[in-house]
Amino acid sequence: MTYKSEFLNILTERGFIHQCSDFGALDAKLMEGPQSAYIGFDATASSLHAGSLVQIMMLYWFQQTGHKPITLMGGGTTKVGDPSGKDQSRKMLDEAAIDKNIDGIKSVFAKFLTYGNGKTDAVMVNNNDWLSGLNYIDFLRDYGPHFTINRMMTFESVKLRLDREQPLTFLEFNYMILQAYDFVELYRRNDTILQMGGSDQWGNIINGVELGRRTEQAELFALTTPLLTTSSGAKMGKTADGAVWLNADMLSPYDYWQYWRNTEDADVGKFLKLFTTLPMSEIKKLEALQGQEINEAKKILANEVTKLCHGEQAAKDAESTAQQVFEQGGVGDDLPTIDIDLSQEVNVLDLLVEAGLAKSKGEARKLVQQGGARINDVAIQKADAVIRKRDFEDGYIKLSAGKKKHVLVRAA
RNA sequence: GGAGGGAUGGCAGAGCGGUCAAUUGCACCUGACUGUAAAUCAGGCGUCUUCGGACUACGUUGGUUCAAAUCCAGCUCCCUCCA
């Protein structure tokens, strides 16, 4: 199926779309001229992670195709906590923590979107601005009648909690009402007619669409992305070591590059479409690669994705370091580095812990016993081995745990 | 408010007086095979260790006992039914 609007065509072609409340009407609306759409982001951490990347890319394309994206920070709703997809209540965050998180998140958006005052410039808003001033009684009288408990009970997020016999507080129960209100508020302020989000947000978004029709006689639209998992079923953006953060101070561009480089074969094409801006013709060629050749596609994927988030130079540095480390068995500048005092000998186990390659000495010991710990690519034989100054041939050694984790250790 | 049931390692979920640092599955880590992939196979998976063992752990506080995740009591939280 093809559309008149460039935006919907690109999104469809690249696999962004899961559901839309009304494709035809939205398509027509987008052809009328620049429109405004928003996506809401929670402020539960001081950075977004790769799981949010799909939404960010969607806003990117929205702007690229001549429209106005709005990033809504959930300063107000974060105080409430979205129960969607959560089997437990979230911890309550206080206002100071939320503000701090918002500051961290803002810097990420600036890399993908152009902010300003122009017609198609992106705008950042915080729903705390209007939610915190609401009067409870007035709000209930104005908006309460538009929601029925009967219907709210049918929502996935609510059912999940009830089915699992887990508590759902009234506070969380209100989240969907506040999110619906956000949509209407943005319609009033910015003529925002479209809310996008992950497929888990469908219910919440539709609530906003309906509330807009009832209170403003407005035709609002919902557009959601498929829930992204890797082919192995893991959630996007999570690794054993934690989330794949988009802020460089929480995850180095090198590690970010590595995350994408390690994409499973089956996901390469999908990720190229979603997370890079490469033309489709090129992606088609890349995803057709088979066997060992697909590694080239993975490198391009890592380069492109890192470039978008951390800039061209960071992507190049990460790539060259990866090449030196993995293809030539050497070291690169981008490797994590620690400085070590060598006035006396250092036990390898302590060094492994110090370098962050093992959580405890016991773990380090196991690593050595299993042959997973290496110095300059030579397996450490004994757990009681020590490191001395003369082991540092060029003033550094490469310390490795497993095949992928390497740390550069320098003599201080 | 009343009556029952429950709280175990990252998650799920066994154990129900010593043989329990705790079965099993998932997740995770390492090795082999490979392509920094997947699948498969092998090992590991509380902390420390002079590798003998020591220490801390089964919601929480006490108690019974030579010995408690296991029995008893108080407390906290959760669930179900009744009001």
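Order of the sequence lines fixes the chain letters, A, B, ..., with proteins taken first and strands second; residue numbering starts at 1 for each chain.
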Residue met sooner reading RNA chain B from 5', once A:A401 and A:G362 are mapped to nucleotides: A:A401
Gap in Å between the two C1' atoms, one belonging to B:C72 and one to B:G17, rounded: 13 Å
A:T306 (side chain) donor-acceptor with A:A315 (main chain) under 3.5 angstrom: no
Distance, C1' atom - from B:G9 to B:C28, rounded to whole angstrom: 13 Å
Interatomic distance where CG belongs to A:L335 and P belongs to B:U36 [whole Å]: 16 Å
Interatomic distance at P, B:G10 relative to B:G31, whole Å: 25 Å
Length of the CD-P vector between A:Q292 and B:C33, whole Å: 15 Å
C1'-based separation of B:C16 from B:G2 [nearest Å]: 29 Å
Closest-nucleotide 5' rank along RNA chain B - winner of A:N295 and A:L349: A:N295
Rounded P spacing from B:C20 to B:G13 in Å: 24 Å
For atom NZ of A:K361 and atom C1' of B:U47, their distance in whole Å: 12 Å
Sugar-phosphate only, base, or nothing, as touched by A:W260 at under 4.0 Å among non-hydrogen atoms: nothing
From CA spacing to verdict: side chain to side chain contact (heavy atoms under 4.5 Å, CB included), A:Y256, A:V305: CA-CA 9 Å; A:Y256 189 72; A:V305 178; 3.5 Å; yes
Nucleotide B:U34, atom C1' - distance to CG of A:N262 in whole Å: 14 Å
Glycosidic conformation of B:G52, taking syn as within 90° of 0 and anti otherwise: syn
Sole residue of A:F326, A:Y396, A:Y254 in ring-ring contact (aromatic ring centres under 6.0 Å, His included) with A:H406: A:F326
Selection: residues 363-386 of chain A, any non-hydrogen atom under 4.0 Å of RNA chain B: A:R365, A:K366, A:L367, A:Q370, A:G371, A:G372, A:R374
Distance test, side-chain N/O of A:K359 to OP1/OP2 of B:U47, below 4.0 Å: no
Spacing of the P atoms in B:C45 and B:U24 (rounded, Å): 12 Å
A:E363 with A:K366: basic N within carboxylate O range, under 4.0 Å: no
Nucleotide paired to B:U23 in any strand shown, Watson-Crick or G-U, under 3.5 Å: none
Nearest heavy atoms of A:D138 and A:N135, plus distance in Å: N-OD1, 3.0 Å
A:K307/A:E319 salt bridge by N-O under 4.0 Å criterion: no
Side chain to side chain contact (heavy atoms under 4.5 Å, CB included), paired with A:K298, selected from A:N262, A:V268, A:L289, A:L286: A:V268
B:G1 pairs with, by Watson-Crick or G-U criteria that keep both distances under 3.5 Å: B:C82
A:R374 side-chain N/O to A:G402 backbone N/O, donor-acceptor pair under 3.5 Å: yes
Opposite nucleotide pairing with B:C28, Watson-Crick or G-U, both atom distances under 3.5 Å: B:G44
Distance test, side-chain N/O of A:K403 to OP1/OP2 of B:C33, below 4.0 Å: no
Check ion pair A:K299-A:E327 (N to O, under 4.0 angstrom): yes
Interatomic distance, A:Q258 CD vs B:U36 P [rounded to whole Å]: 11 Å
Value in whole Å for how far the P atom of B:A38 lies from CG of A:L289: 18 Å
Under 3.5 Å: donor-acceptor pair, side chain of A:N347, backbone of A:L349: yes
P gap between B:A39 and B:C55, integer Å: 42 Å
B:G4 to B:G74 separation - P atoms, rounded to the nearest Å: 13 Å
Contact list for RNA chain B against residues 298-333 of chain A - heavy-atom distance below 4.0 Å: A:K298, A:A322, A:F326
Watson-Crick/G-U partner (both atom distances under 3.5 Å) of B:A7: B:U76
Over all atoms of both residues, closest heavy-atom pair of A:G332 and A:V325: N-CG2, 4.0 Å
Distance below 4.0 Å between A:S360 side-chain N/O and B:C48 OP1 or OP2: yes
